[in-house]
Amino acid sequence: MTAGDYVVRLDEVGLSDLARVGGKNASLGEMIRCLSGEGIAVPGGFATTAAAYRRFLGANRITDRIAGHLGRLDRGAPVAEVGAAVRRLILDGDFPGDLRAAILDSYAGLAGPGGDERPSTAVRSSATAEDLPGASFAGQQDSFLNVVGDRALLEACKRCYASLFNDRAIGYRRDRGFDHLSIALSVGVQPMVRADLACAGVAFTVDTETGFPHNVAISAAYGLGEGVVSGAVDPDQYTVFKPALGTPGTVPLISRSLGGKEQRTVYADSGQGVRAVPTRPEERRAWALGTDEVLTLARWAVAIEDHYGTHMDIEWAKDGLDGRLLVVQARPETVHSQRSAAAVRRYRLTGAGRPLVTGQAVGEAVAAGPACVLRGPEDIGLFRPGSVLVTAVTAPDWEPVMRRAAAIVTDHGGRTSHAAIVSRELGLPAVVGTGEATRLVRSGRELTVSCAEGATGRVYPGLLEYESREVDMDAIPATRTAVRLNLADPDAALRWWRLPADGAGLVRIEFVVSTLIRVHPMALLHPERLDAADRTRVASAFSGYPDGPAFFVDRLAQSIALIAASRWPDPVLVRTSDFKSNEYARLLGGRPFEPHEENPMIGWRGASRYHGPGYGEAFALECRAIARVRTLMGLGNVEVMIPFCRTLTEADLVLSTMADAGLRRGDDGLRVHVMAEIPANVVLATEFADRFDGFSVGSNDLTQLTLGVDRDSDLLADVFDERDPAVVRSIERLIADAHAAGRTVGVCGQRPGDDPEYAGLLVEAGIDSVSVAPDSFPGVKENIASAERRSGH
């Protein structure tokens with residue numbers, strides 16, 4: 001054989017060469033050859049071939065001896081014993097002269113004109129059964145960074161060969177029925193990208209937790225990418241909305257969160273290898289990537305996904321010497337790409353408790369069992385199957401243990417860490433980045449790990465009750481009446497994207513304000529009216545932002561954008577804030593801005609707050625956030641809904657105030673709806689229809705005000721009835737008048753889901769849409785479909 005049989009340049013291979021250079025190297029070559037024209041930068045380099053690997057085994061006469069050791073597995077020999085024996089055979093071998101010369105000649109060729117004679121390189125394993133759509137083998141073999149010099153390179157290549165027989169790799173192949181000796185190992189050698197001087201991370205072209213296909217999820221941290229992939233650092237996270245990436249003038253960065261980034265991986269002092277060093281406080285408070293860089297990576301990710309025809313898991317790095325972004329790996333995503341969309345299992349925690357620790361939720365399941373706290377790899381032998389694995393951070397060597405765990409909890413890492421990736425592949429709930437689980441949890445303590453409560457994962461003491469059910473999407477009937485979702489939590493919204501809903505009929509701004517912002521918006525605008533203690537607490541809340549209003553607009557816009565993305569391109573009706581004065585007063589800094597009212601339910605709420613000095617400035621911030629989502633972020637499916645609008649004059653004032661803040665009804669297709677929850681909205685439906693594009697019945701308030709009943713009164717609970725003839729006739733009249741004016745009418749409330757007869761009344765009246773909680777959606781669709789069949793609609 002010639003040198004060309006043993007070593008090949010990366011730009012000479014592609015996906016058709018997987019059997020020759022393995023999945024990783026074939027993919028790198030494919031991108032260099034096919035995607036460079038789209039501006040995607042990939043480091044060049046070379047790869048040893050499968051023939052080179054077999055030449056090494058043959059020259060050292062160890063092929064049969066390896067087979068003999070592997071055969072002992074069928075006779076019950078421990079994997080650790082067999083793996084160690086095979087690896088020793090490889091590491092004790094020598095490169096034959098022709099193979100050695102081919103590798104070192106190619107290595108010498110990596111030095112550019114005037115460059116180092118022997119440059120620093122990344123040396124990565126690439127197995128011929130790696131990065132397949134159905135079996136990723138991700139992290140099974142070893143890679144080595146900052147490898148310099150002939151001797152170090154050859155040693156790294158040998159260690160890559162040996163890693164084909166790591167314990168985890170042997171177990172993985174055996175579980176999936178792959179023949180050990182039919183797989184070869186290619187080694188990829190590339191010049192190092194100096195991310196140690198900048199940053200690196202990963203990008204997924206699908207939401208890693210929910211499988212939502214319209215977002216690109218990017219993680220970034222300072223230094224070489226090893227820290228992000230291993231989970232040793234908590235990275236910054238960015239979410240980009242794919243459908244708006246190609247729209248001129250948009251910046252579809254719909255969410256970002258600042259990670260701890262406590263350390264960075266840099267070159268070791270010895271000149272070989274790498275080490276971790278602490279980051280400076282000012283670095284931790286800064287974003288690792290700028291907005292333009294995030295959007296560039298997102299565009300590259302989408303182009304790669306389009307080329308490969310499947311969701312992708314991409315590693316990238318930024319060179320600190322020249323500022324260039326580069327893609328250093330790309331493989332098919334293997335969890336959501338293989339998951340059926342027809343049936344989805346949903347979990348719900350029914351027990352209650354105070355969590356011991358919280359972190360980022362991985363998956364959507366709930367699991368329980370005794371804790372097993374492992375301080376490091378040396379403790380792996382102590383693990384008991386069915387336990388909740390609690391550790392600081394996982395690595396590929398932990399995978400045999402992770403497969404036997406009920407759930408996984410780590411101190412460090414984000415949603416793209418090793419623990420998160422493997423947990424998804426295994427279908428296990430995991431809570432990562434808790435910060436202190438190994439300190440607060442003791443082995444043997446019963447735990448419940450919940451990832452079914454949104455983006456925050458919670459670890460509870462004890463065995464809490466929970467339930468699960470499978471939702472068959474194909475069995476949900478079609479209906480003429482639109483059935484939409486009531487949504488509030490932006491993270492939870494993505495978990496329901498597979499439901500065949502017709503958009504979101506109610507998005508409550510007040511949930512975002514109370515749980516994610518937590519500060520009264522007027523306190524952000526006028527901190528001078530606060531006492532010293534509250535002023536300090538408010539300033540702390542918007543740390544990292546130039547001022548309080550910027551914090552409010554950014555947080556609110558991101559939250560609305562995530563919800564709007566989850567239902568794209570169907571309409572999403574965002575209801576502007578409808579706190580009562582007593583509820584607003586409970587927000588941080590709220591009391592100086594709120595009056596005392598004996599009956600806040602019919603006091604200063606809804607539209608009456610939106611104009612005038614008391615709250616008008618804050619309402620303008622709400623409008624700015626919504627305008628940002630629609631125009632800058634490119635989510636034009638967002639529509640606005642005004643609550644508790646008492647009079648026509650008030651309607652005109654609100655619409656004028658909105659227009660002044662950048663939200664003019666009709667501009668760029670903006671539709672503005674009004675809640676119908678006051679008898680005046682029904683009596684003057686025709687006049688309100690002149691000002692708004694549709695109505696949404698707030699059945700609780702409409703019942704309360706039509707019957708004169710306090711809906712919270714226990715004494716009058718038997719009188720409060722949404723099916724009372726007075727309420728039903730009001731809805732029927734509203735629908736008739738609205739339809740005559742060419743306007744739509746919807747209902748947002750749980751009653752249609754809980755009461756099939758009530759659903760029938762709405763269908764008979766000609767309701768256009770019903771909006772309900774996501775977990776009620778399948779039942780509501782059944783009720784609506786049955787009512788439509790009975791009524792002949």
I'd like to check Val302 versus Val240 (side-chain heavy atoms, cut-off strictly below 4.5 Å). Are they in contact?
no

Stepwise side chain to side chain contact (heavy atoms under 4.5 Å, CB included) test for Leu145 and Leu224
CA-CA 9 Å; Leu145 302 178; Leu224 302 172; 4.0 Å; yes

Would you name the heavy atoms of Met402 and Ser423 that are closest together and state the gap between them?
CE-OG, 4.4 Å

Quick check against the 3.5 Å criterion: does Lys261 have a side-chain atom that pairs as donor or acceptor with the backbone of Asp236?
no

Listing, residues 431-438 side-chain donor-acceptor contacts under 3.5 Å, not counting sequence neighbours, or none:
unit_1	atom_1	unit_2	atom_2	d
Thr434	OG1	Thr410	O	3.0
Thr434	OG1	Ala437	N	3.3
Glu436	OE1	Arg439	NH2	2.6
Thr438	OG1	Asp411	OD2	2.5

Do the side chain of Thr121 and the main chain of Val189 share a donor and acceptor less than 3.5 angstrom apart?
no

Val8 side chain reached by Arg20 side chain, heavy atoms, under 4.5 Å
yes

Would you say the side-chain atoms of Gln263 pair up with the backbone N or O of Ala276, donor to acceptor, closer than 3.5 Å?
no

Does any donor atom in the side chain of Glu305 or Thr205 lie under 3.5 Å from an acceptor atom in the other side chain?
yes

Tell me the side-chain hydrogen bond (donor to acceptor under 3.5 Å, both in side chains) pairs involving residues 30-52, sequence neighbours left out?
Glu30-His307

Which pair of heavy atoms, one from Ala47 and one from Leu10, lies closest together, and at what distance?
CB-CD2, 4.0 Å

Salt bridge (charged side-chain N to carboxylate O under 4.0 Å, His left out): pairs with one or both residues in residues 68-86, sequence neighbours excluded
Arg72-Glu81

Atom pair CZ/CD1 of Arg9 and Ile32 - distance to nearest 0.5 Å
9.5 Å

Can you check side chain to side chain contact (heavy atoms under 4.5 Å, CB included) on Phe56 and Ile90, steps first, answer last?
CA-CA 9 Å; Phe56 177 88; Ile90 294 172; 3.9 Å; yes

Applying side chain to side chain donor-acceptor pair (under 3.5 Å), name anything that partners Arg384, two or more places apart in sequence or on another chain.
none

Kindly check if the number of other-residue, nucleotide or ligand heavy atoms within 6.0 Å of CZ (Arg100) is above 12?
no

List in chain and number order the residues that pass side chain to side chain donor-acceptor pair (under 3.5 Å) with Thr391, two or more places apart in sequence or in another chain; answer none if no residue qualifies.
none

Given Val388, which partner from the list Val449, Val459, Leu428 fulfils the side-chain contact (heavy atoms from CB on, under 4.5 Å) test?
Val449

Kindly assign one of parallel, tilted or perpendicular to the pair Tyr53 and Tyr161, based on the angle between their ring planes and the thresholds 30° and 60°.
perpendicular

Would you say the side chain of Arg159 lies within less than 4.5 Å of the side chain of Val123, judging by non-hydrogen atoms?
no

Compare all side-chain heavy atoms of Leu185 with those of Cys160 and state whether any distance is below 4.5 angstrom.
yes

Could you give the distance from CG (Asp207) to NE2 (His311), rounded to the nearest 0.5 Å?
10.5 Å

Give every residue pair that meets the salt bridge (charged side-chain N to carboxylate O under 4.0 Å, His left out) criterion with at least one member in residues 182-202, sequence neighbours excluded.
Arg194-Asp196

Thr310 and Pro332 have their tightest heavy-atom pair at CG2-CB, 4.0 Å

Do the side chains of Ile218 and Trp316 get nearer than 4.5 Å, heavy atoms only?
yes

Drop me the distance from Tyr238's OH to Glu293's CD, to the nearest 0.5 angstrom.
8.5 Å

Arg87 side chain to Phe165 backbone, donor-acceptor under 3.5 Å:
yes

Atom CG in Leu164, atom CG in Leu181: separation rounded to 0.5 Å?
9.0 Å

Mind checking side chain to side chain donor-acceptor pair (under 3.5 Å) for Asn146 and listing every partner two or more places apart, or none if nothing turns up?
Ser120

Is the side chain of Thr265 donor-acceptor paired with the backbone N or O of Gly223 at a distance under 3.5 Å, no angle test?
no

Show every side-chain hydrogen bond (donor to acceptor under 3.5 Å, both in side chains) that has at least one partner inside residues 373-383, sequence neighbours left out.
none

Which pair of heavy atoms, one from Val193 and one from Ala317, lies closest together, and at what distance?
CG1-CB, 3.8 Å

Test your reading of the model: is there a side-chain donor-acceptor pair from Ser186 to the backbone of Val21, 3.5 Å cut-off?
yes

Could you pull out every donor-acceptor pair under 3.5 Å between side chains of residues 104-111 and any protein atom, sequence neighbours left out?
unit_1	atom_1	unit_2	atom_2	d
Ser106	OG	Ala102	O	3.1
Tyr107	OH	Pro119	O	2.8
Tyr107	OH	Gly149	N	2.8

Does Asp142 form a salt bridge (Lys or Arg N to Asp or Glu O under 4.0 Å) with Arg168? I'd like the steps, not just the answer.
CA-CA 11 Å; Asp142 292 340; Arg168 59 186 180 268; 2.8 Å; yes

Locate the shortest heavy-atom distance separating Lys24 from Ser125; write the atom from each residue and the value.
NZ-O, 2.9 Å

For Gln272 against Ala152, the heavy-atom pair lying closest together
NE2-CB, 3.6 Å

Evaluation steps, side chain to side chain contact (heavy atoms under 4.5 Å, CB included), between Phe46 and Glu12
CA-CA 9 Å; Phe46 66 90; Glu12 296 174 342; over 6 Å; no

What residues form a salt bridge (Lys or Arg N to Asp or Glu O under 4.0 Å) with Arg324, not counting sequence neighbours?
Asp322

One pair to check against side chain to side chain contact (heavy atoms under 4.5 Å, CB included): Ile408 and Val422. What are the steps and the verdict?
CA-CA 10 Å; Ile408 296 167; Val422 174; 5.8 Å; no

Close side-chain approach of Leu153 to Arg118, heavy-atom, < 4.5 Å:
no

Interatomic distance, CG@Asp313 vs CD1@Ile304, rounded to 0.5 Å, equals 11.0 Å

Is any side-chain heavy atom of Glu209 less than 4.5 Å from a side-chain heavy atom of Glu364?
no

Enumerate the salt bridge (charged side-chain N to carboxylate O under 4.0 Å, His left out) contacts for residues 43-64, please, sequence neighbours excluded, ordered by first and then second residue.
Arg55-Asp98

Spacing of CG belonging to Asn215 relative to OG1 belonging to Thr210, to within rounding of 0.5 Å:
8.0 Å

With a 4.5 Å cut-off on side-chain heavy atoms, are Ser27 and Gln329 touching?
no

Arg275: which residues meet the salt bridge (Lys or Arg N to Asp or Glu O under 4.0 Å) condition with it, sequence neighbours left out?
Asp269

Can any side-chain N or O of Ser219 pair as donor or acceptor with the backbone N or O of Pro235 at less than 3.5 Å?
no

Would you check if the side chain of Asn60 reaches a backbone N or O of Asp94 as a donor-acceptor pair within less than 3.5 Å?
yes

